[in-house]
Amino acid sequence: MSSSSERPCFTGSEGKNEATLFEMVTQLAQISASKPGITLPETEEAGERFGEMIKKTAKADTDELLYVVVDKAVQEIGIRAKV
């Protein structure tokens with residue numbers, strides 16, 4: 001898992017391009033969603049909401065770790081299994 005903060009990943013200051021960032025976010029989302037009882041919806045609307053949440057959270061706290069930003073979005077967008 002990367003310990004890169006949000007700012008370098010989004011600004012490309014570490015040579016990251018959009019495809020690399022997308023891959024990182026996808027992998028982190030899968031890790032976060034692997035928690036028992038969470039399923040990510042596979043709709044365009046959910047994907048757009050997910051992306052917007054990541055952008056908003058990243059801009060609000062540029063020193064936050066990317067995993068934390070992605071995990072917050074997964075917790076918000078993910079569907080919890082009924083117990």
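Worth saying up front: this structure is predicted, and the values here are computed from it rather than measured.
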Could you state the interatomic distance from [atom1] ([X]) to [atom2] ([Y]), rounded to the nearest 0.5 Å?
| X | Y | atom1 | atom2 | value |
| --- | --- | --- | --- | --- |
| M24 | L66 | CE | CG | 5.0 Å |
| D61 | K72 | CG | NZ | 6.5 Å |
| F50 | T43 | CZ | OG1 | 12.0 Å |

Donor-acceptor contact present, side-chain S32 to main-chain L28, <3.5 Å: no
What's the shortest heavy-atom distance between A58 and V69, and which atoms? N-CG1, 4.3 Å
Of all heavy-atom pairs linking L40 and G78, the shortest is CD2-CA, 4.1 Å
Within a strict 4.5 Å, meaning less than it, do heavy atoms of the I38 and Q75 side chains meet? yes
Flag the pair D71 / K35 as yes when at least one side-chain heavy-atom distance between them is below 4.5 Å, and no otherwise. yes
What I want to find out is whether E52 reaches K55 closely enough, with some N-O distance under 4.0 Å, to be called a salt bridge. yes
After noting the C-alpha distance and the side-chain angles of T57 and E64, does the key distance pass the side-chain contact (heavy atoms from CB on, under 4.5 Å) rule? CA-CA 9 Å; T57 304; E64 187 62 89; 5.7 Å; no
Is there a path of hydrophobic side-chain contacts, each under 4.5 Å between heavy atoms of I, L, V, M, F, W or Y residues, that connects I31 with L21? yes
Are more than 12 heavy atoms from other residues, nucleotides or ligands located less than 6.0 Å from atom NZ of K56? no
